[in-house]
Amino acid sequence: MDEKYTLVLKKIALLGGLDDYVVVSSGELGNELRISQQSASKRILRLLDMGLITRDLGARRQRIRLTDKGIEAIRKEYIEYRRIFESEGCIILHGVVTSGMGEGKYYVCQKDYMSQFEKVLGYIPYEGTFNVAINKGELGKLDIIKNAEGVVIKGFSSTSRSFGDVTLYKAKIHNVDCAVIVPKRSHYKEILEIVCQFHIRRTFGLSEGDPVDLRVEL
């Protein structure tokens, strides 16, 4: 998307247009962007055509807000800037130890997954996953990770069911090698599943709710 339209989206978002309508005229928006009222009006019309904003003309002044498509457009900009200024080849995540749904062991122990894990990681993972609930203030970092390349662990089918692809990102906890695994059909948004050759809870004496830092390679 052309940068001039991204700038308009960002300005509307800064005025509060992510969560609700904001009252702003084309002239006011033009002043904020240091462009003419006519140019601002044309950009608003173009963003409407692209489905990136929605407008209410029922009141005496126009009200504008971003659509889900518009929010996603500036989210991509946000992710790129965070990768420039924060990643330096890795991302540090802060969270707490949490329990999963008990499915990690079943999936990790599948022979076809295990052989691929060993080939990529150089070790056979412990039978089960270590789960970390990422702090809400850092959920934007998960978007950066999930938009990174990672290593795809191919899915497969057995006689009873099929298993989907899993993307793997190498990581460290207390300088011990591990890996974040993100199933293609994941039910979690803020919980990361981690495999390691060791039982992480026992190795570091961690209990439910204990803080933990995770260094993820990009």
Side-chain angles (χ1 to χ4, degrees), residues 75 78-79 82-218:
R75 187 189 299 277
Y78 165 76
I79 290 170
R82 292 196 72 159
R83 292 188 70 175
I84 291 170
F85 292 108
E86 295 183 11
S87 63
E88 296 182 354
C90 71
I91 286 182
I92 308 297
L93 293 169
H94 307 282
V96 297
V97 179
T98 189
S99 298
M101 299 174 62
E103 297 179 343
K105 182 175 181 179
Y106 173 72
Y107 287 102
V108 171
C109 289
Q110 296 298 314
K111 181 178 66 176
D112 292 83
Y113 279 147
M114 275 289 195
S115 61
Q116 293 183 75
F117 287 146
E118 183 179 15
K119 184 176 180 179
V120 173
L121 298 174
Y123 58 80
I124 297 175
Y126 175 82
E127 298 178 353
T129 59
F130 175 70
N131 299 316
V132 176
I134 302 303
N135 296 343
K136 289 186 177 180
E138 300 194 346
L139 294 182
K141 293 181 179 180
L142 295 184
D143 290 327
I144 299 175
I145 293 170
K146 291 175 182 178
N147 278 276
E149 187 172 351
V151 178
V152 177
I153 304 298
K154 292 293 186 180
F156 56 92
S157 296
S158 66
T159 54
S160 58
R161 59 170 299 174
S162 61
F163 296 82
D165 291 351
V166 173
T167 304
L168 180 151
Y169 304 91
K170 292 184 178 180
K172 288 183 183 290
I173 294 177
H174 295 307
N175 288 322
V176 171
D177 290 332
C178 59
V180 175
I181 56 172
V182 180
K184 187 174 183 179
R185 295 174 295 216
S186 176
H187 300 294
Y188 301 125
K189 291 185 177 179
E190 71 283 347
I191 297 178
L192 290 183
E193 297 182 275
I194 298 160
V195 295
C196 180
Q197 61 182 316
F198 308 111
H199 188 295
I200 297 178
R201 284 202 186 206
R202 286 203 298 259
T203 300
F204 298 114
L206 296 170
S207 300
E208 190 79 4
D210 282 349
V212 62
D213 295 338
L214 180 67
R215 182 185 184 95
V216 183
E217 297 178 13
L218 296 180

Leu121/Leu168 under side chain to side chain contact (heavy atoms under 4.5 Å, CB included): CA gap, chis, key distance, verdict: CA-CA 10 Å; Leu121 298 174; Leu168 180 151; 3.9 Å; yes
How would you list, by chain and number, every residue that makes a salt bridge (charged side-chain N to carboxylate O under 4.0 Å, His left out) with Asp112, sequence neighbours excluded? none
Can you name the residues that form a side-chain hydrogen bond (donor to acceptor under 3.5 Å, both in side chains) with His174, not counting sequence neighbours? none
Below 4.5 Å, heavy atoms only, C-beta onward: do Ile124 and Gln197 meet side chain to side chain? no
Which heavy atom of Arg215 sits nearest a heavy atom of Ile92, and at what distance? CG-CD1, 3.5 Å
Should Lys170 and Val120 be marked as a side chain to side chain contact (heavy atoms under 4.5 Å, CB included) after you check the CA-CA gap, both sets of side-chain angles, and the distance that decides it? CA-CA 9 Å; Lys170 292 184 178 180; Val120 173; 4.3 Å; yes
Residues Thr129 and Glu193: closest non-hydrogen pair is OG1-OE2, 3.7 Å
For Ser158, the side-chain contact (heavy atoms from CB on, under 4.5 Å) test, sequence neighbours excluded, returns Ser160, Arg161, Phe163
Nearest atoms (heavy-atom pairs only) where Leu214 meets Ala171: CD1-CB, 3.8 Å
When rounded to the nearest 0.5 angstrom, what distance separates CG in Leu142 from CG in Asn147? 11.0 Å
Heavy-atom pair of closest approach, residues Cys196 and Val176: SG-CG1, 3.9 Å
Partners of Val166 by side-chain contact (heavy atoms from CB on, under 4.5 Å), sequence neighbours excluded? Tyr113, Ile153, Ile181
By salt bridge (charged side-chain N to carboxylate O under 4.0 Å, His left out), which residues pair with Glu217, not counting sequence neighbours? none
Asp213: which residues meet the side-chain contact (heavy atoms from CB on, under 4.5 Å) condition with it, sequence neighbours left out? His94
Heavy-atom side-chain contact between Leu93 and Val132 under 4.5 Å: no
Please table the atom pairs, donor to acceptor, closer than 3.5 Å between any side-chain atom in residues 200-211 and protein atoms at least two apart or in another chain.
{"unit_1": "Arg201", "atom_1": "NH2", "unit_2": "Thr98", "atom_2": "O", "d": "3.4"}
{"unit_1": "Arg201", "atom_1": "NH2", "unit_2": "Glu208", "atom_2": "OE1", "d": "2.8"}
{"unit_1": "Thr203", "atom_1": "OG1", "unit_2": "His199", "atom_2": "O", "d": "2.8"}
{"unit_1": "Glu208", "atom_1": "OE1", "unit_2": "Ser99", "atom_2": "N", "d": "3.4"}
{"unit_1": "Glu208", "atom_1": "OE1", "unit_2": "Ser99", "atom_2": "OG", "d": "2.9"}
{"unit_1": "Glu208", "atom_1": "OE2", "unit_2": "Ser99", "atom_2": "N", "d": "3.1"}
{"unit_1": "Asp210", "atom_1": "OD2", "unit_2": "Ser207", "atom_2": "N", "d": "2.7"}

Considering non-hydrogen atoms only, spot the tightest contact between Tyr169 and Ala148 and give its length. OH-O, 3.6 Å
d(Phe130 CZ, Ile173 CD1) to nearest 0.5 Å is 5.0 Å
d(Asp143 CG, Glu138 CD) to nearest 0.5 Å is 13.0 Å
Partners passing side-chain hydrogen bond (donor to acceptor under 3.5 Å, both in side chains) against Lys172 (at least two apart in sequence or in another chain): Asp177
Correct closest heavy-atom pair for Val195 and Gly128 would be CG1-O, 4.4 Å
